[in-house]
Amino acid sequence: MDAFYVAVELLRRPELVGKPVIVAGGGPRAVVTTASYEARRYGVGSAMPVSQAMRLCPDLIRLPVDMAHYRERSAEVMRRVNELGVPTEPASLDEIYLDLNGVPDPVARMSALVRRIREELRLTASVGIGPNKLVAKVASDAEKPAGFVVLTREQAAERFAGAPPRLLPGIGPKTAERLDALGVKTIRDLQAFPVGELVRRFGEHHGRGLHDRAHFRSDAPVARRELKSRSVEETFDFDIADPAELERILVRQAERLAAELAQRKVAGRTIAIKVRLDDWTTYTRAKTIDHRTADPETIRTVAMALLRANPPARPVRLLGVRVGGFEERRAERPAAEGENLSLLPA
DNA sequence: TCTGGGGTCCTTAATCGT
DNA sequence: TCTGACGATTAAGGACCC
């Protein structure tokens, strides 16, 4: 979906259409969640501090985040997507992969879908069609908004050859910087870079991944993914140094998190806290217990023990709690002769 | 008035059992 | 009893994505 949160907001604020608009959190430390295309012309973009965005565009209109509403509108979109009856993989509220293998005329089906979304929901979507998720993703981004790009792997490798490596998903600021230092300025440079050298410098996995990506090779299946962890975290408007206050906040977060786990009917074995200090140093501390839990008392007690064992040395900017390890623990070890598997812990 | 919140995946290191 | 290989698990940090 194109500028999804803003687009949804503009449906109820039609007088703002055509103006530079952002959806952003409140408070002095908020960042931009989504910017309208008009705002982007000023250089405003996602993840930018709102303070900076306002400096770039003083007339910027700032709307608060209303996730519950975006979730509802997203469900309306996703219902229409899923009516195609093909395997899907939601990537977020506003992105979804479809496995169109075996679908007779995928281009026609997808343009009909986009038309439906436009006419029934008054929202615009962009589509990328390709032989794998990587090509589809980059193609869908290429002509936003309302783009519709169909490419083979070879066409993608040629069409984006002149673009910076940063265009490829998985290559972020750090990797782009390291590649730049190696003289790799474009995807073409990356395509030509010896894979052995990439492996030597970035490691087996990442190195080979960079080479494959540059050539738009990808074999990740379209498959729905299970939730692995759930967390609650909060950046304070003002840094907090008082340990008692931090503990009160942690208790609230633990209880909120437990409620969400219960609602989703999941439970986990690993409980972790996250602390970000005023100088932006961040640490996490985790403890894995012998059973899965969603119990507020347990989560609160473990989180509190982790905080007390690791008291922040400076004022705290962010505090959070996480529960992970949802999946069933499975003994991979082959059974010894005569061993009774049924006596093993779950 | 620098830098959110909710996630995933990978790497590295330590530890433990067979 | 010691040693090494190896696989699994845990912990911590970091890169990346929307």
Side-chain angles (χ1 to χ4, degrees), chain A residues 1-5 22-35 45-56 64-65 67 70-71 74 89-96 133 137 140-141 165-166 168-178 202-210 213 220 225-239 253 256-257 260 264 269-276 278-290 306 309-310 317-327 329-337 339 344-345:
Chain A
M1 302 302 295
D2 304 326
F4 185 57
Y5 297 176
I22 57 170
V23 170
R29 288 168 164 174
V31 299
V32 175
T33 297
T34 313
S46 293
M48 174 182 288
V50 171
S51 52
Q52 188 185 342
M54 295 303 299
R55 246 179 280 127
L56 288 171
V65 180
M67 286 306 298
Y70 311 147
R71 254 190 291 274
S74 171
E89 176 184 330
S92 65
L93 279 189
D94 74 329
E95 283 192 356
I96 186 166
K133 290 202 290 184
K137 166 75 174 154
S140 76
D141 287 334
R166 194 71 177 76
L168 298 169
I171 300 183
K174 301 288 185 179
T175 305
E177 183 66 34
R178 288 174 66 187
F202 290 88
E204 176 67 34
H205 186 90
H206 196 196
R208 214 161 284 281
L210 288 170
R213 267 194 204 89
R225 277 109 68 86
E226 292 194 352
L227 189 66
K228 296 267 185 3
S229 71
R230 179 84 201 170
S231 62
V232 169
E233 66 183 51
E234 184 188 358
T235 294
F236 311 125
D237 288 351
F238 304 97
D239 301 334
Q253 292 178 330
R256 210 180 105 200
L257 182 52
E260 292 188 13
R264 286 158 204 269
R269 293 179 55 230
T270 304
I271 296 158
I273 61 164
K274 175 173 168 182
V275 180
R276 175 128 70 215
D278 64 349
D279 64 356
W280 204 250
T281 59
T282 306
Y283 60 88
T284 61
R285 293 294 181 268
K287 171 131 188 85
T288 298
I289 60 177
D290 65 0
L306 288 168
N310 302 276
R317 174 191 180 90
L318 170 151
L319 185 62
V321 201
R322 179 173 57 85
V323 172
F326 292 168
E327 65 285 322
R329 188 168 36 151
R330 273 300 312 151
E332 309 285 337
R333 174 177 58 83
E337 197 141 357
E339 187 176 12
L344 284 176

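Chain A is the first sequence line, chain B the second, and so forth, proteins listed ahead of strands; every chain is numbered from 1.
The side chain of A:Arg269 sits closest to C:dT10 out of B:dT1, B:dT3, C:dT10. Closest to the side chain of A:Arg317, from the set B:dG7, B:dT3, B:dT1, is B:dT3.
One interatomic measurement links the two molecules: CD of A:Glu95 to C1' of B:dT8, which rounds to 14 Å at whole-angstrom precision. Taking atom NE2 of residue A:His206 and atom P of nucleotide B:dT11, one finds them 9 Å apart after rounding to whole Å. Distance, A:Glu234 CD to B:dG6 C1': 14 Å, rounded to whole Å. One can place NE2 of A:His205 at 15 Å from C1' of B:dT12, the figure rounded to the nearest angstrom. Atom CZ in A:Arg213 sits about 10 Å away from atom C1' in C:dC16, given to the nearest Å. Rounding to whole angstrom units, CD of residue A:Glu233 and C1' of B:dG7 are separated by 10 Å.
The residue among A:Leu227 and A:Arg276 whose nearest nucleotide of DNA chain B lies closer to the 5′ end is A:Arg276.
Side-chain contact of A:Arg276 with A:Thr282: a donor-acceptor pair under 3.5 Å is present, judged by distance alone.
As judged by a 4.0 angstrom heavy-atom cut-off over every strand, A:Arg29 is placed among residues touching the sugar-phosphate backbone only. Using a 4.0 Å heavy-atom cutoff across all strands shown, A:Leu318 reaches sugar-phosphate atoms only and no base atom. Residue contacts shown for A:Arg166 are limited to sugar-phosphate atoms, with no base heavy atom under 4.0 Å away. In this structure, A:Tyr283 reaches the sugar-phosphate backbone alone: every heavy-atom distance under 4.0 Å involves primed, P, OP1 or OP2 atoms, never a base. As judged by a 4.0 angstrom heavy-atom cut-off over every strand, A:Lys274 is placed among residues making no nucleic acid contact. As judged by a 4.0 angstrom heavy-atom cut-off over every strand, A:Ser92 is placed among residues touching the sugar-phosphate backbone only. Note on A:Ala47: a base of the nucleic acid sits closer than 4.0 angstrom, heavy atoms only. No engagement by A:Arg264 is indicated, since no non-hydrogen atom pair under 4.0 Å with the nucleic acid exists. Contacts of A:Val50 with the nucleic acid, taken as non-hydrogen atoms under 4.0 Å apart, are absent.
Within residues 168-175 of chain A, the residues having any heavy atom closer than 4.0 Å to DNA chain C are, in order of number, A:Leu168, A:Pro169, A:Gly170, A:Ile171, A:Gly172, A:Pro173, A:Lys174, A:Thr175.
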Criterion side-chain contact (heavy atoms from CB on, under 4.5 Å) on A:Lys274 and A:Arg322, from CA distance to verdict: CA-CA 8 Å; A:Lys274 175 173 168 182; A:Arg322 179 173 57 85; over 6 Å; no
From CA spacing to verdict: side-chain contact (heavy atoms from CB on, under 4.5 Å), A:Phe4, A:Ser92: CA-CA 11 Å; A:Phe4 185 57; A:Ser92 65; over 6 Å; no
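Taking syn as a glycosidic angle within 90° of 0, B:dC2 qualifies as syn.
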